[in-house]
Student: 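The structure's right below; bear with me while I get my questions together.
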Number of protein chains: 2
Amino acid sequence: MGGSSETSYAAKHTASAASQGTLNTDKLEEVKKLFTAHLENKGLRKTGERYAILEEIYARSGHFDVEELYAGMKERGLQVSRATVYNTLDLLVEQGLVSKHQFGRNLAQYEKSYGYRQHDHVICTECHKVVEFCDPRIHGIQTMVGELLNFHILHHSLNLYGICGDCRAQAAARSIPA
Amino acid sequence: MGGSSETSYAAKHTASAASQGTLNTDKLEEVKKLFTAHLENKGLRKTGERYAILEEIYARSGHFDVEELYAGMKERGLQVSRATVYNTLDLLVEQGLVSKHQFGRNLAQYEKSYGYRQHDHVICTECHKVVEFCDPRIHGIQTMVGELLNFHILHHSLNLYGICGDCRAQAAARSIPA
DNA sequence: ATCTATGCAAAGTTTTTGCAGCACG
DNA sequence: CGTGCTGCAAAAACTTTGCATAGAT
């Protein structure tokens with residue numbers, strides 16, 4: 001078959017962000033406003049810790065787990081407790097500013113999600129590589145199933161599990177030794 | 001503490017199985033043969049524990065977690081250790097006779113999967129109800145993405161998260177009190 | 001007879017919880 | 001000023017691991 005283009009969406013994100021330095025800052029401001037609105041709406045307090053966590057998340061690219069986020073903040077001198085990280089992540093996920101993934105291993109992975117194109121994941125079960133992709137048909141399925149089963153669908157998660165080209169090549173090399 | 005996810009779709013499976021008493025037994029035999037072939041293929045031992053676990057799984061309907069499976073076996077007098085349950089589940093998942101799901105909470109849920117139609121899940125984030133659905137478009141996406149990204153896709157998991165009709169009705173009733 | 005799988009319990013991970021004190025509103 | 005949030009650490013929840021022994025080949 002034809003040459004397969006390995007377009008990781010992560011790369012695209014970084015590229016578009018790098019091309020315009022202020023874009024990130026603007027986005028952060030927008031997200032902060034949305035978060036503020038959500039907090040006020042639910043009668044929750046606007047604490048510095050919550051905003052610090054939000055900033056750290058939007059400064060990151062790609063997936064991260066709680067420990068990575070916690071360590072990243074510590075390194076930057078933004079000390080918060082794990083309990084607060086968990087608490088705030090729940091708030092952000094609830095609001096949809098952050099999305100939470102569970103890829104196979106029992107380690108929750110998070111990702112900023114405001115203003116980024118809805119995407120899904122292909123996971124290599126051998127090397128645990130994660131590649132993103134987009135398919136408009138999923139939106140259609142989501143809408144149709146919601147109507148059919150009378151659910152108000154808020155978000156979805158589609159993961160394809162398989163073996164990547166690299167791992168298949170390695171396996172082939174091993175089975176045909178010199 | 002935790003009420004587990006109630007499986008309302010289970011009725012579907014039980015109904016089709018109940019309509020023909022021997023169907024289940026035949027299926028179990030088929031699955032055992034496949035499992036045996038897989039064990040031989042990998043040079044693994046055919047132990048009674050492994051078959052006992054396979055039987056227990058195929059006697060169940062709907063989703064279950066490791067603890068439920070373990071407890072169910074204990075109740076039937078089939079004593080096996082948790083370590084063996086985990087070990088065997090891994091084998092079965094690897095072979096595709098059982099599928100593993102991670103719905104939001106970090107508690108792995110399993111389900112028998114041989115001879116059952118490939119299906120996906122809608123989860124209510126309020127009451128944790130799980131409903132199954134089927135959409136042929138997913139298969140197309142799977143194939144296309146596999147070719148595009150050069151992955152050999154083995155299985156997928158699509159979860160739609162939202163609020164079910166019952167929970168929306170309850171919420172509406174609360175906001176318009178008598 | 002050999003070598004792997006089991007069982008048990010202990011250790012490992014990740015997440016949740018309880019309580020004292022600080023801070024937002 | 002009062003309630004709710006934070007921080008800390010202890011514990012809970014789920015899974016993995018190590019070692020002695022039973023059992024499949």
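To find a chain, count down the sequence lines: A is the first, B the second, and so on, and within it residues start at 1.
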Student: Quick one: what's the B/S/- string for nucleotides 20-25 of chain D, heavy-atom cutoff under 4.0 Å, read 5' to 3'?
Tutor: ---BBS
Student: Please enumerate all residues that pass salt bridge (Lys or Arg N to Asp or Glu O under 4.0 Å) together with K74(A), with sequence neighbours excluded.
Tutor: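 Once residues adjacent in sequence are excluded, K74(A) has no partner under the salt bridge (Lys or Arg N to Asp or Glu O under 4.0 Å) criterion.
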Student: How would you list, by chain and number, every residue that makes a salt bridge (Lys or Arg N to Asp or Glu O under 4.0 Å) with R45(B), sequence neighbours excluded?
Tutor: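 Residues passing salt bridge (Lys or Arg N to Asp or Glu O under 4.0 Å) with R45(B): none at all.
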Student: My understanding is that only residues two or more places apart in sequence, or in another chain, count here; which of them pass side-chain hydrogen bond (donor to acceptor under 3.5 Å, both in side chains) with N87(B)?
Tutor: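 Testing N87(B) for side-chain hydrogen bond (donor to acceptor under 3.5 Å, both in side chains), a comparison that skips the adjacent residues, returns none.
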Student: Taking salt bridge (Lys or Arg N to Asp or Glu O under 4.0 Å) as the definition, give me every residue that meets it alongside K100(A), ordered by chain and number, with sequence neighbours left out.
Tutor: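 K100(A) satisfies salt bridge (Lys or Arg N to Asp or Glu O under 4.0 Å) with no other residue.
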Student: What is the distance from CG of L39(A) to P of dT3(D), rounded to the nearest Å?
Tutor: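 Rounding to the nearest Å, CG of L39(A) and P of dT3(D) are 21 Å apart.
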Student: Which protein N or O atoms sit under 3.5 Å from an N or O of nucleotides 13-15 of chain C?
Tutor:
{"from": "dT15(C)", "atom 1": "OP1", "to": "A108(A)", "atom 2": "N", "distance (Å)": "3.3"}
{"from": "dT15(C)", "atom 1": "OP2", "to": "Y86(A)", "atom 2": "OH", "distance (Å)": "2.6"}
{"from": "dT15(C)", "atom 1": "O5'", "to": "Y86(A)", "atom 2": "OH", "distance (Å)": "3.3"}

Student: With a cut-off of less than 4.0 Å, is there a side-chain N or O of T84(B) near OP1 or OP2 of dG7(C)?
Tutor: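 So the side-chain polar atoms of T84(B) do come within 4.0 Å of the phosphate oxygens OP1 or OP2 of dG7(C), strictly under.
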Student: Looking at every heavy atom in both V80(A) and Y70(A), which two are closest together, and how far apart are they?
Tutor: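 Closest pair (atom of V80(A), atom of Y70(A), distance): O-CE1, 2.9 Å.
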Student: Angle between ring planes, F103(A) versus H101(A), binned at 30° and 60°: parallel, tilted or perpendicular?
Tutor: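 Correct class here is parallel.
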Student: Taking the nucleotide of DNA chain D with the nearest heavy atom to each, does N87(A) or D90(B) sit closer to the 5' end?
Tutor: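 Nearest nucleotide further toward 5': that of N87(A).
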Student: Measure the distance from CD on E40(B) to P on dT4(C) and round it to the nearest whole Å.
Tutor: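 For the pair E40(B) CD and dT4(C) P, the rounded distance is 18 Å.
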Student: If you look only at pairs with a residue in residues 81-93 of chain B, which of them pass as a salt bridge (charged side-chain N to carboxylate O under 4.0 Å, His left out), with sequence neighbours excluded?
Tutor: E67(B)-R82(B)
Student: Take atom OH of Y51(A) and atom C1' of dC5(D), then tell me their distance rounded to the nearest Å.
Tutor: 14 Å
Student: How would you list, by chain and number, every residue that makes a side-chain hydrogen bond (donor to acceptor under 3.5 Å, both in side chains) with T143(A), sequence neighbours excluded?
Tutor: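 With sequence neighbours excluded, T143(A) shows a side-chain hydrogen bond (donor to acceptor under 3.5 Å, both in side chains) to no residue whatsoever.
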Student: Using the side-chain hydrogen bond (donor to acceptor under 3.5 Å, both in side chains) criterion, which residues pair with Y114(B)? Sequence neighbours excluded.
Tutor: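 side-chain hydrogen bond (donor to acceptor under 3.5 Å, both in side chains) list for Y114(B), sorted by chain: E30(B).
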Student: Considering residues at least two apart in sequence or located in another chain, which fulfil the ring pair (Phe, Tyr, Trp, His ring centres under 6.0 Å) criterion with H38(B)?
Tutor: none
Student: Please report the end-to-end axis angle for the helix from dA1(C)-dT25(D) to dG25(C)-dC1(D), five pairs per end, rounded to 10 degrees.
Tutor: 40°
Student: Kindly point out which of dT6(C), dG7(D), dC5(D) is positioned nearest to the side chain of R50(A)?
Tutor: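 The answer is dC5(D), which lies nearest to the side chain.
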Student: With sequence neighbours excluded, tell me which residues meet ring pair (Phe, Tyr, Trp, His ring centres under 6.0 Å) with Y86(A).
Tutor: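 If we apply the ring pair (Phe, Tyr, Trp, His ring centres under 6.0 Å) test to Y86(A), skipping adjacent residues, there are no hits.
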Student: Between atom CD1 in I53(A) and atom C1' in dG7(D), what is the gap in whole Å?
Tutor: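 Answer to the nearest Å: 12 Å.
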